[in-house]
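Chain identifiers are assigned alphabetically (A, B, ...) following the order of the sequence lines, protein sequences preceding nucleic acid strands; residue numbering begins at 1 within each chain. Computed over heavy atoms, backbone and side chain alike; hydrogens, waters and symmetry mates excluded.
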2 protein chains.
Amino acid sequence: MAYRSTDRVKARLSASRQRIVTAALEIMAQHGYAGCSVAAVAERAGIATGSVYSHFPTKADLFAEVFRIASQREVDAVSRAAGLEGTMAARITAVIETFAGRALQSPRLAYALLAEPVDPAVDAERLVFRRAYAHIIAGYVADGIARGELPAQDPDLTATALVGAFAEAMVGPLAAGVAGPDTIPNLIAFAHRALGVSP
Amino acid sequence: MAYRSTDRVKARLSASRQRIVTAALEIMAQHGYAGCSVAAVAERAGIATGSVYSHFPTKADLFAEVFRIASQREVDAVSRAAGLEGTMAARITAVIETFAGRALQSPRLAYALLAEPVDPAVDAERLVFRRAYAHIIAGYVADGIARGELPAQDPDLTATALVGAFAEAMVGPLAAGVAGPDTIPNLIAFAHRALGVSP
DNA sequence: ACAAGAATTGAACCACTATTCAATCCTTCG
DNA sequence: CGAAGGATTGAATAGTGGTTCAATTCTTGT
């Protein structure tokens with residue numbers, strides 16, 4: 001027994017793995033999923049193509065993780081922003097401003113996460129992403145109903161429908177690169193009506 | 001000049017083209033876009049693989065047409081149903097019942113039209129489909145505002161957001177194969193609130 | 001220093017499927 | 001009928017890009 005992997009090596013491996021994920025994220029933000037060949041990711045990470053496969057069994061596994069991380073970031077940002085607010089109206093405003101603001105900041109990445117055609121295995125991760133959003137919003141809706149701020153409704157359906165509404169409303173602007181100045185306020189007004197917040 | 005294509009031949013060609021489109025639609029309804037290899041379409045149409053290419057320059061062109069036709073069918077059905085109604089509330093109810101009812105009738109096809117990963121060139125056609133829905137709804141919304149049934153709002157944004165909401169609310173049920181019995185009524189209630197129809 | 005074994009390389013491989021095309025079959029018309 | 005040209009065939013081709021693996025380089029413990 002002349003070799004057993006040591007902490008230093010383990011750290012290097014983990015750093016390498018991290019660099020792969022980061023490289024994939026950067027390429028997605030720049031050229032979308034379409035630009036993410038394994039070779040391109042490896043090159044940007046500064047390793048050989050084949051080395052990707054000592055960290056991830058398949059490309060789909062790599063991008064499932066990439067989507068998971070990127071999505072979590074978005075969901076966390078929205079959750080954090082909305083959590084600071086007290087009323088339902090303020091919360092949903094924060095959700096939309098954060099979601100839309102961040103999407104417009106990184107339009108290519110947002111498009112990849114929301115709508116770009118991807119491998120079916122990766123698409124599954126996208127559904128998780130959308131459900132995570134819906135889950136947060138459903139919590140707020142249930143809360144709002146309990147506090148009498150909102151009329152009776154199915155929190156899950158409302159939340160799912162709102163997530164769809166937000167995503168669809170952003171796809172056009174994301175493709176164009178900019179949103180009209182009223183897009184976000186209009187979307188907020190839509191959401192307030194849909195929730196039934198008292199004006 | 002010993003040959004010039006005659007009407008009978010032209011009819012046969014056009015019938016053949018039609019059979020290709022129909023075969024593609026049937027396979028989509030059965031196995032989704034994923035099952036639609038050119039070879040599979042040709043076999044179902046009863047012709048050789050290569051013959052597809054004497055009717056369509058590329059697979060993407062074929063499926064752009066297939067999506068266009070299938071989408072138009074859906075949009076027409078919704079438009080027809082809603083057109084029979086007078087009030088905004090009744091119209092949007094008809095839109096949702098028709099859209100959701102038809103989707104649940106052909107879940108695999110609906111999933112392919114709405115959400116399945118497809119070739120980017122075909123994806124573009126999907127956007128046209130969604131915009132066509134939005135356009136119809138935007139007309140109703142503008143009408144509703146003019147008649148004082150709805151509060152002031154941006155008809156295009158409301159319509160786009162509603163289309164996203166409908167699609168998102170259907171994706172789960174389509175994947176599961178069935179919708180809970182309250183999905184459609186709840187979605188109708190959501191849309192009524194979002195539009196601001198007076199109760 | 002050296003042997004054992006792990007990590008890395010990157011060019012070759014492979015699977016998949018859209019697309020092509022030489023050969024063949026049909027249709028038209030003199 | 002026979003020649004001209006179009007339509008059809010389906011096996012071969014080709015482009016793409018994920019995945020593999022023999023060779024090489026690097027690490028570790030004696």
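Comparing C:dA18, D:dT8, D:dT19 by their closest approach to the side chain of B:Ser37 singles out C:dA18. Checking C:dT19, D:dT8, C:dT8 against every side-chain atom of A:His55, the shortest atom distance belongs to C:dT8.
Side-chain atoms of B:Ser54 come within 3.5 Å of backbone atoms of B:Ser51 as a donor-acceptor pair (strictly under, hydrogens ignored).
Taking atom CZ of A:Arg17 as the reference point, atom P of C:dA7 lies 14 Å away to the nearest angstrom. Regarding A:Glu43, its CD atom lies at a distance of 14 Å from the P atom of D:dG18, rounded to whole Å. Following rounding to the nearest Å, B:Ile47 (CD1) and C:dC25 (P) show an atom-to-atom distance of 19 Å. A:Ile20 places its CD1 atom 15 Å from the C1' atom of D:dT19, with the value rounded to the nearest Å. Atom P of nucleotide C:dT19 and atom CG of B:Asp61 are separated by 9 Å, given to the nearest angstrom. Atom-to-atom, CG of A:Leu62 to P of D:dG17 comes out at 16 Å; the value is rounded to the nearest Å. Between the OH atom of A:Tyr53 and the C1' atom of C:dA6 there is a distance of 21 Å, rounded to whole Å.
A 4.5 Å side-chain heavy-atom check between B:Tyr33 and B:Asp119 finds at least one atom pair inside the cut-off.
The only member of A:Asp123, A:Val118, A:Leu25, A:Val128 that meets side chain to side chain contact (heavy atoms under 4.5 Å, CB included) when paired with A:Phe67 is A:Val118.
Checking the phosphate oxygens (OP1, OP2) of D:dT9, a side-chain nitrogen or oxygen of B:Ser51 falls inside 4.0 Å.
A:Arg91 has no carboxylate O lying under 4.0 Å from a charged side-chain N of A:Glu149, or vice versa, which leaves the two without a salt bridge.
Residue order along DNA chain C, read from the 5' end via each residue's closest nucleotide, puts A:Ser16 first among A:Ser16 and B:Arg12.
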